[in-house]
Amino acid sequence: MALEIKSIKGTQDVLPAQSYKWQFVERLFLDTARLYGFKEMRTPVFEETRLFTRSVGDTTDVVQKEMYTFTDKGGRDLTLRPEGTAGINRAVLQSGLINEALPVKVSYNISCFRNEKPQAGRFRQFHQLGVEMFGSASPSADVEVISFVNDFFAILGIEGLSLEINSIGCPTCRKEYHTALKQYFEARKDELCETCLTRLDKNPMRILDCKSPVCKEIAKDAPAVLDYLCDDCKAHFEGLKKRLDALNIAYVVNPRIVRGLDYYNKTVFEFVSGDIGAQSTVCGGGRYDGLLKSLGGNDQPALGFAMGIERLLMVAEAQGVEIPAPQPCDLYIASIGEEASIRALQLVTDLRNEGFYAECDTMGRSVKAQMKYADKIEAQFSMVLGENELAENKANIKNMQTGESCEIMLDESLVKFLYDDQIKKMTEALSMDQIEK
Ligand code: ATP
Ligand code: MG
C-alpha cells in the first residue's frame, strides 16, 4: 500500500543520520550562551495574533503574508510564532523578569512557522537559535550580542561569513528619513508592487525590504538612512564600530539593511554567507528599544539576534565543517538461547550503568544475523554468549576492526577491559593531535 499521509510541504523530518548535527550545534549554542551569561527561556508555540501584529508590525511581509493564523474552538485569534522576539518580550514582562537585576539576558531554541514559498534555505517550519538582552542602551551591549554570534561561528569552524551592520535610527530621526523616502518612491509609484503601495504612506522603509525584483531595483537608489541619523543615533553607531574594532571583529557597513521586522531601531546587523545561494542570511538581529513599552511594559532598551539552524547547517555542510559523529556502540553481546539472552540483558544493563553504549539482541535472531547487526551499528567489540559461556562465566571478546579476540570473565573485568580500551583510544587521539601540531 502506498503511503497516504505525508509531511506538509515546507516541513522537514530530521532523521537519526542528521539529528546529531542538530544536537551538536544546539549544545554549542548553549555552551556559548553560558560563557556570555544568557540563560535559556522557553515560550509557547502559539500566542495571541495581536502580539505579532503589534510587535513584528502590520506592514511587514511576515504579518501581511506569512503568518499561520487560526481561530481556535473558543473563538480566540491565534498565530503560530513566526519568530521568537515577540513571545520572549511578552514573557519577560508577564513574569516580572524585567524587574530583576539588569541586564536580563535570555537565549532560546525554537521552531518558527511562516507561510512562505518553500525553496532552498526557506521552509514553512524552521528553527532558530537566538538571544535577547534587556536593559542596556550602550553599544557595548550591541557588541556583546554580535560577538556572541562571531564566537559561535568560530568555535563551530565556520569561516568567511560577512558581518553587515547598519543603523536605522530612532523614531526622531526616522521622521525626516520617512519624508525623504516617501518623496523618492512617490515619483516611481506606478512601478511599485501592490503591497508596497500600501506601505508608501504607513511605513515607506518597509519598501526597502520588499522581495519583488522591481521594487528591489527601485529601492537601490533610495536615500540611505545613515545620512539622516540624529546625533544620538550617530554616536551610538560610532560607538558600535569602535567596539567592534577593539574586539577585532570585521564588518562592513551596509546602508541597505533594514530587517524585515518593524520593532528594530538603531543597530541592525546580518551575518551573510556566500556559500548557500539566494537565502544567504544565516543570522539577523538588532536593537528594539521601544518594543517592551509598546507592549504595555517597562520602557527598557533591548536587542537580540536570531539564527536559522537549517541555514547554519547548510553553511557547515558547504564548508565541510566536521561535526563529530556520535560514538558507536562499545560492545554488542550476541546470545544463543533464552538463558543466554537474559544474561546478555543483565550485562548490557550493567555496562550502561557504567556509562558504556552496549547492545544485545531483542529480535530473537540467529547469531549470524545478530553479528550482521553488530557490524551495521559499528560495534567496537562483540561477544557471543551460549551455554558454555554461561557455565564458565567467561567469553571471547572480539575487536570488530582487527578481528583480534581474547577471553574475558563476565564480571568487573569486562568493565575494566572497556575502560582500558577507551583510555588507549584517547591517548592515541591526543598523540595524533600532538603530531598534527
Ligand atoms: P529572509 O530575508 O531570508 O526572508 P528574514 O529577514 O525573514 O530572512 P528573520 O526574521 O530575521 O529572517 O529571521 C532570522 C533568521 O531565521 C534568518 O536569518 C534565517 O536564518 C532564518 N529564517 C527566516 N525565515 C526562514 C525560513 N522561512 N526558512 C528557514 N530559515 C528562515
Ligand atoms: Mg523572510
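In what follows, residues are counted from 1 in the order of the sequence shown. Indexing begins at 1, ligand by ligand and atom by atom, following the structure's order.
- Here the heavy atom of the protein found nearest to atom 16 (O) of ligand 1 is Gln128 NE2, 3.1 Å.
- Every ring-ring contact (aromatic ring centres under 6.0 Å, His included) that His127 has, sequence neighbours left out, goes to Trp22.
- When non-hydrogen atoms are compared, ligand 1 lies under 4.0 Å from neither the backbone nor the side chain of Cys112.
- The heavy atom nearest to atom 3 (O) of ligand 1, out of those in Arg311, Met314, Gln12, Gln279, is found in Arg311.
- Distance from atom 17 (C) of ligand 1 to its nearest protein heavy atom, with residue and atom name: Thr281 O, 3.8 Å.
- The protein non-hydrogen atom at the shortest distance from atom 5 (P) of ligand 1 is Arg114 NH1, 3.9 Å.
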*With side-chain contact (heavy atoms from CB on, under 4.5 Å) as the test, would you mind laying out the steps for Leu156 and Phe24 before giving the verdict?*
CA-CA 9 Å; Leu156 187 55; Phe24 185 81; 3.8 Å; yes

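- Residue nearest to atom 9 (P) of ligand 1, selected from Glu83, Glu270, Lys211, Arg259: Arg259 (by heavy-atom distance).
- The closest protein non-hydrogen atom to atom 4 (O) of ligand 1 is Arg122 NH1, 2.9 Å.
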*Hey, mind stepping through Leu312 and Phe153 against side-chain contact (heavy atoms from CB on, under 4.5 Å) and telling me if it holds?*
CA-CA 9 Å; Leu312 175 70; Phe153 288 140; 3.4 Å; yes

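- Each of the atoms 28 (N), 29 (C), 30 (N) of ligand 1 lies under 4.0 Å from some heavy atom of Gly121.
- A distance of 7.5 Å separates OG in Ser280 from CZ in Arg311, rounded to the nearest 0.5 Å.
- Closest to atom 27 (N) of ligand 1 among all protein heavy atoms lies Glu116 OE2, 2.7 Å.
- Side-chain polar atoms of Gln380 and Lys425 form a donor-acceptor pair below 3.5 angstrom.
- In summary, the side chains of Asp77 and Thr71 do not present any donor paired with an acceptor at a separation below 3.5 Å, with no hydrogens or angles considered.
- In terms of protein heavy atoms, atom 28 (N) of ligand 1 is closest to Phe123 N, 2.9 Å.
- Using a 4.0 Å cut-off between heavy atoms, Val282 contacts ligand 1 through its backbone alone, with no side-chain atom that close.
- Of the protein's non-hydrogen atoms, the one nearest atom 21 (C) of ligand 1 is Gly308 CA, 3.8 Å.
- Nearest residue to atom 24 (N) of ligand 1 from Tyr264, Phe271, Phe126 is Phe126 (criterion: closest heavy atom).
- Judged as a salt bridge (Lys or Arg N to Asp or Glu O under 4.0 Å), the pairs with a partner in residues 99-120 (not counting sequence neighbours) are, in order, Lys105-Glu144, Glu116-Arg122.
- The only member of Arg54, Glu83, Arg287 that meets side-chain hydrogen bond (donor to acceptor under 3.5 Å, both in side chains) when paired with Tyr263 is Glu83.
- For the residue pair Tyr177/Asp227, the side-chain donor-acceptor check at 3.5 Å is not satisfied.
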